[in-house]
Undergrad: 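Structure below; questions to follow.
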Protein chains: 2
Amino acid sequence: MVRQGGRGGRSVTRRDVAERAGVSAAVVSYTLNGGAPVAPETAQRVLKAVAELGYRPNQAARALRSGSTRTLAFLTVDADDAIFTNPIFAEYVHAVQRAAASRGYALYTASTPGGGRARTMQELREFASRQVDGVVLLASSEQQLDPAELDAVGVPWVLVNTEEAPGGGNSIGADLFGGATVAMGHLVEHGYSSIGFVGDAPRSEPRRRAWREVCAEHGVEASPLFDVDFTREGGRQAALELADLSSPPRAVFVVSDRTALGVLRGLHECGVRVPEDVAVISFDGSWESAYAWPGLTSVRQPIEEMAAAAVDRLISPPEEASHQVFPVELIVRESCGAHA
Amino acid sequence: MVRQGGRGGRSVTRRDVAERAGVSAAVVSYTLNGGAPVAPETAQRVLKAVAELGYRPNQAARALRSGSTRTLAFLTVDADDAIFTNPIFAEYVHAVQRAAASRGYALYTASTPGGGRARTMQELREFASRQVDGVVLLASSEQQLDPAELDAVGVPWVLVNTEEAPGGGNSIGADLFGGATVAMGHLVEHGYSSIGFVGDAPRSEPRRRAWREVCAEHGVEASPLFDVDFTREGGRQAALELADLSSPPRAVFVVSDRTALGVLRGLHECGVRVPEDVAVISFDGSWESAYAWPGLTSVRQPIEEMAAAAVDRLISPPEEASHQVFPVELIVRESCGAHA
DNA sequence: TTGAAAGCGCTACCAC
DNA sequence: GTGGTAGCGCTTTCAA
């Protein structure tokens, strides 16, 4: 029986392959990695021995020697919640994992809810000592990381889900202002005379600005503003407050799908109809939004593309660090009352 | 400036620490790993040098030498969808990651939707060559893995989210039959005279059996059976069919939250009221189920506990491989019509 | 209590 | 084209 990498039996090494193929250990490497030309029939023999023995190069040794583990890490910066509770974050991890895999990299994932910034730095150092080739940092709170401090760890990093970072560095984010402007334009176009906003203050800045500006431009009342947690429960609380108002807004712009799902839930609880009584429009365009009731109109972030770009930045770092903005797309469903 | 593990500057090694502390390299190891007693003031000096230099042991070297990477991997077996589209799977990954982290292990995650069983084996071997200490396999389809084939790879493994595996091996799963029996009992108790079933045939066996048996026992009509995809859309399709029936069932048991979310959506689309017209009860007790509308009554799987058990099995393998069953718990919300 | 040194499995350099 | 070998950074044995 073939043994390999197990705890029990000694695993098969390059030496065993060399012996069986009747060549030196070096030739095994050459055959497998193309480090030097190998005679066809020699290669043949080596490959045969590899197959027969079930040989797989020990990646720890390779990493030690070559300095690269062909591994990336995904870290959530100071998550306040388990990552999967935000559907768009879950999508992000998955997209990064796929992008890494398609380029031959494995992916570590880590996320310690409520860890704070110090914890993030500690995890980053932990992965540095594991010799990862790069780290994708998912910004998830207002917590600011210090690019200089990150650089000092010595591992390439890229920050995703963020606005342009103040201190420089590689970062990637969707066009929040542009997307919010389009969403608000959509609402205004359909004649809603008052539009509220649900979001958490520090985190929702460019979107909130778009809300105000579009309203001002079209003489629409920008109110009320619900400053609530970036969670389902936060959204639900906003909805309960809204339902209690003597003159509720005709529509609300919600800062994320996760929060919007809570808004929908709260509105249903109170018997407020969507979109007949209050129209809802949201941000992220996550999978969940499609199967909400009613289907959530939402601004879709191009997660796949952003994840791929993040991975590429780590694997082939650009000359100059920069912030990259990705365009978003409005997906119209039923919740905004403008569906065909 | 401190450099460490980076691409550019040479990283600081144990040698540097030894020199600075005026000791041999061995003593640095002793101090850090407790391999031998070290004089207090020597240790003091070493620790100081470590801090000043920002030294972190190279894990690739440690792995090569010691044979353990302190790393686990999480693999989805032949996933048909991106893992995050099933809330309970997303919760699983997260729980395993947390359990691993709390024991000092990092976690690789990988999932190739639609890869099939051959792909799973390939990924397993890939992780074996990365010298992981164990692999958590999440069963997600009827695909059967061959325990002997798994063992041949030489890496400790444990299969989660499964029934007792036919060929032996370590596996972990919730008490599906027991949970379904309790859920059905709850429905029956509240007087529903006909109860339908939504699930996909091969995957939902013990739950379906519970449905039939409880109905038979109490003279309740067990029909119709909707054999649909294990997805939101599958659930939605079942709901559309149901709404079209001349005499729809008074309640349905749905095999998972993900599917149930689709059922809810489809029922809403057709104007069928839940629970007034049709009561819905589901399985998994995922986070999402709490914020559905109406809140989903669901059988909660103890994900945290199962994930922790899986990790423990890998880190300290039991003498004898076995299947471990975990108890479940009914969480009553609004969708079953029995909420207070 | 400390130090010297072997060697984990691999890549890549240099000699043939 | 092929083989010998140094050495990546670490743990651990053995001797001092």
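Reminder, nothing fancy here: chain letters follow the sequence lines and each chain counts from 1.
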Undergrad: Need to verify one output field. Residue with the more 5' nearest nucleotide on DNA chain C, A:Q59 or B:R65?
TA: B:R65

Undergrad: Looking only at side-chain atoms of A:Y55, point me to the closest of C:dC10, C:dT2, D:dT2.
TA: C:dC10

Undergrad: Tell me which one of A:V132, A:L72, A:V311, A:V136 satisfies side-chain contact (heavy atoms from CB on, under 4.5 Å) with A:L107.
TA: A:L72

Undergrad: Mind running a 4.0 Å heavy-atom check of residues 38-50 of chain A against DNA chain C and sending the residues that fall below it, in number order?
TA: none

Undergrad: Ignoring hydrogens and angles, state whether a donor on the side chain of B:R70 or B:Q59 is under 3.5 Å from an acceptor on the partner side chain.
TA: no

Undergrad: Could you label the plane-to-plane angle of the A:F84 and B:H94 rings as parallel, tilted or perpendicular, counting under 30° as parallel and over 60° as perpendicular?
TA: perpendicular

Undergrad: When you look at B:E123 and B:T112, which way does the side chain to side chain donor-acceptor pair (under 3.5 Å) test go after all the steps?
TA: CA-CA 9 Å; B:E123 283 174 336; B:T112 311; 2.4 Å; yes

Undergrad: Ignoring the backbone of A:P37, work out which of D:dG9, D:dC8, D:dG1 is nearest its side chain.
TA: D:dG1

Undergrad: Just by modelled atom types, is the B:E52 backbone N or O under 3.5 Å from a matching donor or acceptor in the B:R20 side chain?
TA: no

Undergrad: My understanding is that only one of B:V77, B:T162, B:L124 makes a side-chain contact (heavy atoms from CB on, under 4.5 Å) with B:L145; could you say which?
TA: B:V77

Undergrad: Mind running a 4.0 Å heavy-atom check of residues 23-30 of chain B against DNA chain C and sending the residues that fall below it, in number order?
TA: B:V23, B:S24, B:A26, B:V27, B:Y30

Undergrad: With a 3.5 Å cut-off and sequence neighbours excluded, list the donor-acceptor pairs that the side chains of residues 32-41 of chain A form with protein atoms.
TA:
none

